[in-house]
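Structure first, then comments.
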Amino acid sequence: MGRDPPDAARPDREGSTHPVTASALPETRTALDVLTTVFGYDQFRGDQAEIIDTVLRGQDALVLMPTGGGKSLCYQIPALLRPGTGVVISPLIALMQDQVDALSALGARAGFLNSTQSLPERRAVEDAFLAGELDLLYLAPERLGVPETVRLLQAGTVSLFAIDEAHCVSAWGHDFRPDYLRLTVLAETWPDVPRIALTATATRQTADEIVRRLELHDARTFVSSFDRPNITYRIAPKDSPRTQLVDLIRAEHAGDAGIVYCLSRASVETTAEHLNAHGIPALAYHAGMPAHLRAANQSRFLREDGIVMVATIAFGMGIDKPDVRFVAHLDLPKSVEGYYQETGRAGRDGLPSTAWLAYGLQDVVQQRRMIDTSEGDAAHKRRMGANLDAMLALCETVTCRRVQLLAYFGQDGPACGNCDTCLAPPESWDGTVAAQKVLSTVLRLERQGQRYGAGHVVDILTGKPTPRITSLGHDQLPVFGVGADLSATEWRTVVRQILAQGLLGVDSEGYGTLSLTEAADPVLAGTQEVRLRRDVRAAKTSRARKPAAAAADAELTPDAAARMEKLRAWRSATAKEAGVPAYVVFHDATLRALAQRNPVSIDDLSDVSGIGAAKRERYGAAILELLAEG
Ligand code: ADP
Ligand code: ZN
């Protein structure tokens with residue numbers, strides 16, 4: 001907790017030992033006052049004001065808002081205004097310290113309780129809570145399974161419950177946490193305390209499940225637009241993904257922080273090594289690593305500039321690093337929801353960012369196989385299959401990616417002009433004959449009681465007399481060489497797309513061999529047309545762009561740019577000394593505003609977005625001194 005939080009940053013606590021409603025407080029500070037004095041922002045965004053008002057009145061709320069939309073303020077401000085402590089349920093134990101540090105830097109009084117603490121540490125937080133000295137208390141959901149925790153909360157005053165990452169309650173979702181099912185205890189034990197559930201996961205199904213499982217039937221629901229206009233979505237044909245990744249980073253994101261997602265732990269390790277070997281500082285993160293190493297890497301990613309984190313999807317939830325400039329996927333995500341969540345970690349600060357996915361035939365084969373061999377029942381497999389189909393449709397679309405993405409969440413909008421398909425529209429072509437060639441090859445092999453993978457099928461089509469082909473006599477098949485009109489790469493694209501369209505299936509024995517599905521019948525019979533997409537190769541789309549951060553800095557005048565450089569160095573030293581991530585001191589946008597305005601007095605600082613009373617007090621003099629030197 002901040003040693004001496006200035007009074008302005010401290011909400012009026014008079015009478016807080018007896019619960020009173022906010023409106024009954026003698027001198028009521030408004031939500032807007034708190035926004036300006038504590039957070040240093042001058043206006044609410046989107047639904048924030050209404051959400052805060054709802055919770056302040058004691059009503060429950062369900063908030064669906066994309067990453068970077070500003071969910072935290074929706075419970076932090078009511079927690080600062082309502083008597084008692086706002087209890088935040090969050091699954092992100094490893095990030096609680098940073099969250100508490102960020103609040104303390106604003107002069108708010110915050111603490112957390114989780115399994116990483118020593119007993120004395122825990123006692124100190126509990127005592128502060130009981131004494132009414134905490135504005136916010138972060139709690140891991142499993143703590144609610146401990147009767148002492150419930151008794152502790154009952155012994156103090158809870159102003160509200162915020163359930164962060166509320167989609168974790170969804171058993172079908174990609175982040176299911178059984179401990180979230182415990183949260184029914186909140187409604188049962190504290191029927192009069194408002195609950196606000198927040199998530200960046202937007203499907204109707206998930207929202208309905210949250211309402212049902214968290215008993216939020218009377219909650220007001222707030223659904224924001226899920227569009228992230230500052231993110232450029234790109235899905236590239238996969239040739240040699242690691243080389244493509246290095247090219248992308250060098251051309252467009254040199255020196256930027258980014259996240260690279262891989263499916264397997266092994267590929268996380270090799271990709272991180274590959275980047276480092278090419279001079280790009282990268283760290284690895286996956287569930288198979290020892291916990292301390294994982295935590296150390298996460299902490300470095302958050303604290304140091306320009307680090308690339310190569311990770312499995314175990315990484316990233318709740319990471320509120322604002323300046324992640326790109327998110328790259330080297331393997332196909334299992335669902336559009338997952339893809340949206342993961343890519344959403346780019347550009348929380350609103351500056352231009354890239355979401356890049358490399359996608360190829362092998363991804364489709366692998367995912368179909370994984371579904372087939374997975375343990376769940378038939379309904380589960382159907383659901384996974386439907387998730388994959390939606391993801392494949394997004395990859396294969398010839399129209400705007402953003403439109404397709406938002407449509408998945410039931411929202412609509414015009415073509416964005418800023419995704420790969422808008423920037424370089426791919427052609428679609430009549431691939432009926434090509435599809436028939438592939439399908440009849442598979443059919444002929446099936447008639448001989450044989451099944452083969454895509455590579456072998458392509459070899460037959462292109463008439464490649466490999467030892468395997470000749471020894472099997474497949475060069476005698478009537479389809480041998482009927483596809484000489486397309487290259488092997490083009491055939492792989494065709495096979496990928498007809499797999500994606502479900503005209504072919506993949507065997508479940510684990511070899512990735514192809515088989516016909518019923519959907520192939522009308523195509524083979526010539527009664528159904530197949531539309532295919534001609535892939536746009538990298539050369540056409542990757543116009544070398546300036547790294548986003550550098551581009552933003554380039555807009556500064558030479559004097560301002562020099563100040564920006566000094567401010568960055570100062571921030572880095574200050575953050576290091578305090579042991580917090582740089583953005584806890586100030587965001588880039590705030591530094592840039594300082595560099596541009598070159599304030600000379602403490603009063604000037606009040607107008608800069610992101611500087612509230614506590615930060616003005618703490619850093620104001622140092623900043624003015626630094627700028628005056630110049
Ligand atoms: P979310 O949790 O929805 O991903 P955050 O709460 O982390 O988003 O907010 C994203 C960023 O936007 C943060 O840097 C936050 O300080 C900033 N922010 C939130 N609300 C406002 C506002 N009203 N004005 C300016 N900046 C804001
Ligand atoms: Zn678009």
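Atoms within each ligand, like the ligands themselves, are counted from 1 in listed order.
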State the atoms of ligand 1, each with its element, that fall below the 4.0 Å cut-off from a heavy-atom position in Thr67.
4 (O)
To 10 degrees, how wide is the angle SG (Cys419) to the Zn ion (ligand 2) to SG (Cys422)?
100°
If you measure every N/O of Gln43 against every N/O of ligand 1, is any gap under 3.5 Å?
yes
If you count every heavy atom of other residues, nucleotides or ligands that lies below 6.0 Å from Arg57 atom CZ, does the total exceed 12?
yes
With the threshold set at 4.0 Å, does a side-chain nitrogen-carboxylate oxygen contact exist between Arg220 and Asp53?
no
Among Arg348, Met65, Arg345, Gln76, whose heavy atom sits nearest atom 1 (P) of ligand 1?
Arg348
How large, to 10°, is the angle at the Zn ion (ligand 2) when you draw lines to SG on Cys400 and to SG on Cys416?
100°
Do the side-chain N and O atoms of Asn114 and Thr116 include a donor-acceptor pair separated by under 3.5 angstrom?
yes
The protein heavy atom nearest to atom 12 (O) of ligand 1 is Arg45 NH1, 3.1 Å
Angle between ring planes, Tyr339 versus His329, binned at 30° and 60°: parallel, tilted or perpendicular?
tilted
Where is the nearest protein heavy atom to atom 6 (O) of ligand 1: which residue, which atom, and how far?
Ser72 OG, 2.6 Å
Can you tell me the protein heavy atom closest to atom 16 (O) of ligand 1 and the distance?
Tyr41 OH, 2.7 Å
If hydrogens are left out, which of Gly350, Ala589, Gly70 has an atom nearest to atom 9 (O) of ligand 1, that is, the closest non-hydrogen atom?
Gly70
Check: Glu165/Ser90 side-chain N/O donor and acceptor closer than 3.5 Å
no
If you measure from the Lys or Arg side-chain nitrogens to the Asp or Glu carboxylate oxygens, is any gap between Asp320 and Arg348 under 4.0 Å?
no
Students often mix this up, so state it plainly: with edges at 30° and 60°, are the rings of Tyr41 and Phe39 parallel, tilted or perpendicular?
parallel
If you measure from atom 10 (C) of ligand 1 to every heavy atom of Gly68, Pro322, Ser224, which option wins on shortest distance?
Gly68
Give me the nearest non-hydrogen protein atom to atom 20 (N) of ligand 1 as residue plus atom name, then the distance to 0.1 Å.
Gln48 NE2, 2.9 Å
Got more than 12 heavy atoms from elsewhere within 6.0 Å of CD, Gln205?
no
Parallel, tilted or perpendicular, judged at 30° and 60°: which one describes the rings of Phe326 and His253?
tilted
Identity and separation of the nearest protein heavy atom to atom 13 (C) of ligand 1:
His587 CE1, 3.9 Å
Relative to ligand 1, is Pro66 under 4.0 angstrom through side chain, backbone, both or neither, heavy atoms considered?
backbone
